[in-house]
Amino acid sequence: MKKEDIILPKKNLFDVNLKEIWQYKDLLFLFVKRDFVATYKQTVLGPLWFIIQPIFTTLIFTIIFGKLASIPTDNLPPVLFYMCGITCWNYFSESLTKTSNTFTTNANIFGKVYFPRLIIPLSVIISNIIKFIIQGLIFVLFLTYYYYQGAKVDPNFAILILPILLVLMAGLGLGFGILISSLTTKYRDFQFLVAFGVQLFMYATPVVYPLSLAKEKLGVYSWVAFANPMSSIIEAMKYSFLGQGEFSFYHLTYSFIFMVILLVIGVITFNKVEQTFMDTV
Amino acid sequence: MKPILEIKKISKMYRLGVINSTTLSDDIKRFWFKIRGKEDPLLKIGEENNRLQEGGKYVWALEDINLDINEGEVVGIIGKNGAGKSTLLKLLSKVTRPTKGKIISKGKTASLLEVGTGFHQELTGRENIFLNGAILGMTKKEISSKIEDIIDFSGCKRYIDTPVKRYSSGMFVRLAFAVAAYLEPDILIVDEVLAVGDAEFQKKAIGKMKDISQKGGRTVLFVSHNMTSIKALCSRAVLLENGKLTKDGSPDEVINYYLNTSTKISYKKSWQLEKRPSNNDFLISSVWLSNNKKNKITSINVDESFLVNIDFEVIKNNTKVGLNVILYDSNQNIISSSINNHEKNFYNQKHSTGFYNSHCKIPGLLFNAGIYFISVYMFGANFSNAKMIEYVLKIEIEDGVIVRGDYHGNYDGVLRPMLEWETKLI
């Protein structure tokens, strides 16, 4: 007996067919591969761009925030401090921005063929993980160099938590991304919001400054920094690789709950929009 | 046995205008016009699109469609542009959802609404086969096992490891169709995708479709404007008109009904000023059929000649007016075409501005009795700057006693010339 498939005007909002996504896993990985092959074809430096970008951003941040503005870096070598923050932030922000236009950029394919729409944002998250790993290795290379130069860094066992931090960042990026992508089908304004919103979001996250500084300077307003679910993740990352920063299970749990709620809302909205967005996009 | 695909009371409503896809500023603009009591400034764009002439903001692209399809049936869907054919296919392939009703299908459905969906210009042919195959629902394993066949069928073996952006458009289409041809779903949904590529490839593609549907015993739903391929491939046809299913039966029956009753093609067609077909040098204001005395006609006897009249206005001095009349039989096969370049002085002739009438005379005793369709093609100097006005006229050629003599049976074929006969004792 063949499987019966019923198409109704509206499907249950909580009906996320994970089994179907699994059936399309080959497509997921082909999309990941396509992203890699296609992005850097016909560029001279190719995948080197993955590395050039964080290195140069680190350099600029070191000069501007470290030298010119003299923002303290928790007594860590500025290069490592910024690079750690930038690598993590890049992963989150790229996951967010690149999933936030899922519907508008894929309208062409979506209008012609059906496959579980979540495949597209998931493929973005995965290709970004690969990018994160490459950039992470560069960071580790720098870290090793500084370590043997005798810099005061202290990588510790908290590194083992890295996979969890990665999942948290991926979940947050995906959650925000699919939520925004669902909203952009109705209001294109959100596209513009994403562009500079992410930039502002970075300054609300301890990327270029340590959380300890925010606490010290902002006083009672420092809850703003903690309300941001990305803060605890980046701080934990800095703590585990560099030995300085806030490592708080309490705040990480908050980020985790935030992520779960965000993902649920995101997936439900996405689910609702994906059914008929072709009529409105 | 229960049908493999049941379409039950399906309706799909679209909202006209640009209401849903909008920016916040558009919504604010709308609100601002509304409070000042003016009409919506943005709505006008969409209302033109109302093909159903209901005048409202909503339009039923499909209304109350019921259709049961049994396993192994190949069903052709015909209808004019805007009749809802593509909407129906979109619902069946889950691209969008119906407003009302339900669809029950058994087994794997694959849809081919376009060839080459998701092809990436930078990837090689081989990489694109995998990507496109996976988009259409194949697993990597399935594709790997068929890849050699796909490459062979596409005829692009030499270029298979070259990025597809270097392909000619013909090669691109061949490769894309080849992937689709090796899909093995239980139900295959195909939009007008065979109308691409050169004649040789179309033949190959139709042959492949035939294989899929007949030997494979697969269920196929197939939209086409090409009546010949519907007749060749399908075991059943349905007609959609204004979103409703109006005819269901054998392909011959449905196609005849469609062409002869349902289409509004008649013996004359005039356009309002702003809608006249134009190539920027001249505009066609009307086309009409007449007898030799320029009296309008709807039908003509087999032995009488008739004229295809084209009224046009030249809007630029020194315009070269090129015209071509194309005739089709009732199955929409082209049977003949005639260009006005053998009109006297065609190559020296330059029209100044003004109104003209051209006619092309079609002699009697040439075509068999039956219904014929006519397209008119307009072009400028050097056969460029062309525009096609498709299926604009219809003529019924009637049988007369004179040419039949005492024979009362059918005459086969499209032509009915009076050929000479002679018999001698040898």
Side-chain angles (χ1 to χ4, degrees), chain A residues 1-11 20 23-43 103-104 106-117 119-120 123 183-193 272 274-281, chain B residues 4 6-7 10-15 19-27 61 90-114 117-118 120-124 127-128 130-143 163 186 191:
Chain A
M1 186 62 200
K2 281 164 186 159
K3 196 184 109 231
E4 210 166 78
D5 194 7
I6 302 177
I7 303 173
L8 291 167
K10 277 197 173 66
K11 71 172 174 183
E20 193 185 32
Q23 281 167 358
Y24 276 88
K25 61 184 183 305
D26 287 340
L27 179 60
L28 179 65
F29 288 106
L30 282 164
F31 273 134
V32 172
K33 196 177 154 198
R34 177 196 69 175
D35 282 350
F36 268 86
V37 179
T39 315
Y40 293 111
K41 272 215 174 164
Q42 284 212 350
T43 58
F103 285 117
T104 39
N106 294 287
N108 236 339
I109 301 184
F110 286 179
K112 295 296 179 191
V113 65
Y114 173 81
F115 53 87
R117 305 314 193 201
I119 292 282
I120 296 265
S123 76
L183 296 172
T184 35
T185 57
K186 172 110 173 119
Y187 295 117
R188 295 291 164 86
D189 306 66
F190 284 95
Q191 271 172 353
F192 303 107
L193 185 72
K272 184 171 153 46
E274 78 163 24
Q275 296 175 43
T276 52
F277 93 100
M278 272 322 300
D279 306 338
T280 61
V281 78
Chain B
I4 192 165
E6 291 170 74
I7 300 171
I10 282 294
S11 296
K12 177 73 181 170
M13 186 175 67
Y14 279 110
R15 200 169 176 183
I19 296 152
N20 276 323
S21 65
T22 175
T23 68
L24 202 52
S25 76
D26 278 353
D27 268 1
K90 275 185 181 172
L91 295 180
L92 291 174
S93 49
K94 289 208 274 187
V95 162
T96 183
R97 280 178 187 255
T99 313
K100 287 193 281 190
K102 78 175 170 185
I103 299 167
I104 306 168
S105 60
K106 267 178 277 175
K108 199 171 156 195
T109 304
S111 57
L112 195 58
L113 304 190
E114 178 191 67
T117 307
H120 198 287
Q121 294 289 329
E122 297 286 353
L123 300 182
T124 67
E127 288 166 330
N128 268 312
F130 276 98
L131 184 63
N132 187 240
I135 287 176
L136 294 172
M138 285 194 263
T139 62
K140 212 168 169 177
K141 216 173 118 193
E142 268 180 84
I143 307 166
D186 299 301
D191 204 347

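Chain A is the first sequence line, chain B the second, and so forth, proteins listed ahead of strands; every chain is numbered from 1. Values below: all heavy atoms of this structure, side chains included; hydrogens, waters and symmetry mates excluded.
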*Asks:* Answer with side chain, backbone, both or neither: which region of A:Phe115 has an atom nearer than 4.5 Å to a non-hydrogen atom of chain B?
*Replies:*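 For A:Phe115, the side chain is the part near chain B, not the backbone.
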*Asks:* Heavy-atom cut-off 4.5 Å, strictly under: side chain, backbone, both or neither for B:Leu92 against chain A?
*Replies:*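 Looking at B:Leu92, just its backbone touches chain A.
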*Asks:* Only one of B:Thr124, B:Leu131, B:Leu123 passes side chain to side chain contact (heavy atoms under 4.5 Å, CB included) with A:Val37; say which it is.
*Replies:*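 Only one option passes, and that is B:Leu123.
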*Asks:* Is B:Ser105 close to chain A through its backbone or its side chain, or both, or neither, when contacts mean heavy atoms under 4.5 Å?
*Replies:*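 It is both, since atoms from each part get that close.
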*Asks:* Based on non-hydrogen pairs under 4.5 Å, which of B:His120, B:Glu6, B:Lys100 is most in contact with chain A?
*Replies:*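 That would be B:His120.
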*Asks:* Nearest 0.5 angstrom please: A:Leu30 CG to B:Glu127 CD, how far?
*Replies:*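 A:Leu30 CG to B:Glu127 CD: 9.5 Å, rounded to 0.5 Å.
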*Asks:* Residues two or more places apart in sequence or in another chain: which of them pass side-chain hydrogen bond (donor to acceptor under 3.5 Å, both in side chains) with B:Gln121?
*Replies:*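 Once residues adjacent in sequence are excluded, B:Gln121 has no partner under the side-chain hydrogen bond (donor to acceptor under 3.5 Å, both in side chains) criterion.
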*Asks:* Between B:Lys141, B:Lys90, B:Lys102, which has the largest tally of heavy atom pairs under 4.5 Å with chain A?
*Replies:*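 Sorted descending by pairs with chain A, the first entry is B:Lys102.
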*Asks:* Please state whether the side chain, the backbone, both or neither of B:Ile143 comes within less than 4.5 Å of a heavy atom of chain A.
*Replies:*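 B:Ile143 has no heavy atom closer than 4.5 Å to chain A.
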*Asks:* Is B:Thr99 close to chain A through its backbone or its side chain, or both, or neither, when contacts mean heavy atoms under 4.5 Å?
*Replies:*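 Interface part for B:Thr99: backbone (N, CA, C, O).
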*Asks:* Taking all non-hydrogen atoms of both residues into account, name the closest pair between A:Gly111 and B:Leu113 and its distance.
*Replies:*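 Heavy atoms only, the tightest pair is O-CD1, 4.1 Å.
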*Asks:* Show your reasoning for whether side-chain contact (heavy atoms from CB on, under 4.5 Å) applies to B:Ile135 and A:Leu27.
*Replies:* CA-CA 6 Å; B:Ile135 287 176; A:Leu27 179 60; 3.5 Å; yes
*Asks:* Quick check on B:Lys94 against chain A: is it the side chain, the backbone, both or neither that has a heavy atom closer than 4.5 Å?
*Replies:*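 For B:Lys94, heavy atoms of backbone and side chain both lie under 4.5 Å from chain A.
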*Asks:* How long is the span from the CD atom in A:Gln23 to the OG1 atom in B:Thr139, to the nearest 0.5 Å?
*Replies:*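 A:Gln23 atom CD to B:Thr139 atom OG1 measures 10.5 Å (nearest 0.5 Å).
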*Asks:* Report the distance from atom CD1 of A:Ile109 to atom OG1 of B:Thr117, rounding to the nearest 0.5 Å.
*Replies:*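 Nearest 0.5 Å value for the CD1-OG1 distance: 7.5 Å.
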*Asks:* Which distance, rounded to the nearest 0.5 Å, do you find between the CG of B:Leu136 and the NZ of A:Lys112?
*Replies:*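 Here the rounded value is 13.0 Å.
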*Asks:* In terms of heavy-atom pairs under 4.5 Å with chain A, which of B:Thr109, B:Ile103, B:Thr96 leads?
*Replies:*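 Counting heavy-atom pairs under 4.5 Å, the top option is B:Ile103.
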